[in-house]
Number of protein chains: 2
Amino acid sequence: MARTDLRRAATRKRPRAASEDGLEAYRRLREGITAGRFQPNERLVEANLSKMLGAGRTAVRAALVRLDQEGLVTREHNRGARVRLVSEQEALQIEEVRAALERLLARQAAAKATAGDIRELRHVLVDMRRCFSNGDAIGYSELNPRFHQLIWAAARNPTAGRLVGTLKSQSLRYQYQTMLRPGRTERSLHEHELIFSAIVAHDPEAAEAAMRDHLEEVLETLRWAIGHKSRPPHWLPD
Amino acid sequence: MARTDLRRAATRKRPRAASEDGLEAYRRLREGITAGRFQPNERLVEANLSKMLGAGRTAVRAALVRLDQEGLVTREHNRGARVRLVSEQEALQIEEVRAALERLLARQAAAKATAGDIRELRHVLVDMRRCFSNGDAIGYSELNPRFHQLIWAAARNPTAGRLVGTLKSQSLRYQYQTMLRPGRTERSLHEHELIFSAIVAHDPEAAEAAMRDHLEEVLETLRWAIGHKSRPPHWLPD
DNA sequence: CCGGGTCGGATTGTCGACATTATTGGGGAT
DNA sequence: ATCCCCAATAATGTCGACAATCCGACCCGG
């Protein structure tokens, strides 16, 4: 039996242990898009990606299908795939949907949060306070999603969690616009503290209300940023 | 030029005009699953589906990837795909998420509904009244989704519309349980009328509140049905 | 009787080749 | 010079074959 175990270990070690189907290619490509390493509306040529990711064209194709279903790329018949460009109006719609889901998640998080969840939330929150005190705006911006993700995890609702995650990745390109309004970070911090205390108190109603106020604020900021934009962001026809 | 036009028309007419990529297979398979023609947890063998749908294995595979991303099938590495079995708890979670989204959609529908939207809604509603008067419960059940779909369309929010559609298809197996509570149809009809009048009045707050009450009712019924179930539905290990 | 090992069928995962299709650039007619 | 048509090219869509893997049946020693 020792021999078979060794053989299994050997075969599973590298051939394609972590890379089931085209999942590795999918993850890498997705990461590349959300990280902004591909421009919106940029063509995604299967052969290029195949070399770039070191995966077969089949895997790349599967990844593209996934990302299409997820809304991060668009595919036209016989014309290939492009990074999907979400308009500002679409981004607003998406954020509205996300807000609706996060309200639900905040409520469920308040109902189900464990002591561990609360500890982690508190930890992120003190980090946020420190960043704010130090005037570290970008550090704060990076902590922000972590805070929300912890709430999603605390809600123990994988369905809503998945959806809100994909929505976030779609509208990610516009997130920076919400932070450059003066005094926004301070109010944001305060709102997060309100959400946190509602969760600590296990008060679903208060948690939902606090999250609603918070995201209504964010939405308002986004509407303001979009409304005051002189011209739409133009992409260069490569 | 006449010749080229004819040639184009000829080539586009049948070869694969409507069946871009594996979309035809995807649609048929999806329809088959949601219609209940495949049992939950049933294995979906690619070769079988290939013959059954008259599509290549490539198309079937793409369809399965899509459905996996959509949450209707599960795929395990080297073990193939199965119709995903959603547990009752999952169905509850899904319905909660759906409720959150439908609240948003009702609000937006009230804000944006056109005269045409309202006319169609009214039409469905009178049909529902007639079915209720005639004691036609199944006719009522079939009209129900149409009513909601019209609201999704009136909201003009494709993002939320898509999401709520996929969620509905996931929890579809449990929908029948909400209707067999005595007196439910009458209350349901009343709730639908409340939603309708709020939309007619273009009152987003009222529309959201009416939809919230309606779906809270539905959720309560579902919780009741699930809670009073003696044993979980057992599927036969084929 | 039973547990472990082995063999075979069945099914999936991957790759390459080929047909099909959009696009681009050039050439010719007006 | 301009416009239209057409060939060359690049990319996608599809298919078949092969390797890898899993599952179940069978066999055999204890």
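Here is the naming used below: chain letters follow the sequence lines, and residue numbers restart at 1 for every chain.
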Interatomic distance where CG belongs to B/L23 and C1' belongs to D/dG13 [whole Å]: 12 Å
For A/E90, all residues meeting salt bridge (Lys or Arg N to Asp or Glu O under 4.0 Å), sequence neighbours excluded: A/R84
Please tabulate, for the side chains in residues 138-147 of chain B, all donor-acceptor contacts under 3.5 angstrom to protein atoms that are two or more places apart in sequence or on a different chain.
{"unit_1": "B/Y140", "atom_1": "OH", "unit_2": "B/S188", "atom_2": "OG", "d": "2.9"}
{"unit_1": "B/Y140", "atom_1": "OH", "unit_2": "B/L189", "atom_2": "N", "d": "3.1"}
{"unit_1": "B/Y140", "atom_1": "OH", "unit_2": "B/H192", "atom_2": "ND1", "d": "3.3"}
{"unit_1": "B/S141", "atom_1": "OG", "unit_2": "B/A137", "atom_2": "O", "d": "3.1"}
{"unit_1": "B/N144", "atom_1": "OD1", "unit_2": "B/H148", "atom_2": "NE2", "d": "3.4"}
{"unit_1": "B/N144", "atom_1": "OD1", "unit_2": "B/H192", "atom_2": "NE2", "d": "3.3"}

Salt bridge (Lys or Arg N to Asp or Glu O under 4.0 Å) involving A/E208 - partner list, sequence neighbours excluded: A/R103, A/R107
Integer-rounded Å distance: C/dT14 P and A/E24 CD: 12 Å
Within the sub-3.5 Å range, which N or O atoms of nucleotides 8-12 of chain D have a protein N or O partner, and how far apart are they?
{"unit_1": "D/dT12", "atom_1": "OP1", "unit_2": "A/E46", "atom_2": "N", "d": "3.3"}
{"unit_1": "D/dT12", "atom_1": "OP2", "unit_2": "A/E46", "atom_2": "N", "d": "3.3"}

Partner set under salt bridge (Lys or Arg N to Asp or Glu O under 4.0 Å) for B/R173, not counting sequence neighbours: none
Atom pairs and distances, side-chain donor-acceptor, residues 160-169 of chain A, under 3.5 Å, sequence neighbours left out:
{"unit_1": "A/T166", "atom_1": "OG1", "unit_2": "A/L163", "atom_2": "O", "d": "2.9"}
{"unit_1": "A/S169", "atom_1": "OG", "unit_2": "A/R30", "atom_2": "NH2", "d": "3.4"}
{"unit_1": "A/S169", "atom_1": "OG", "unit_2": "A/T166", "atom_2": "O", "d": "2.6"}

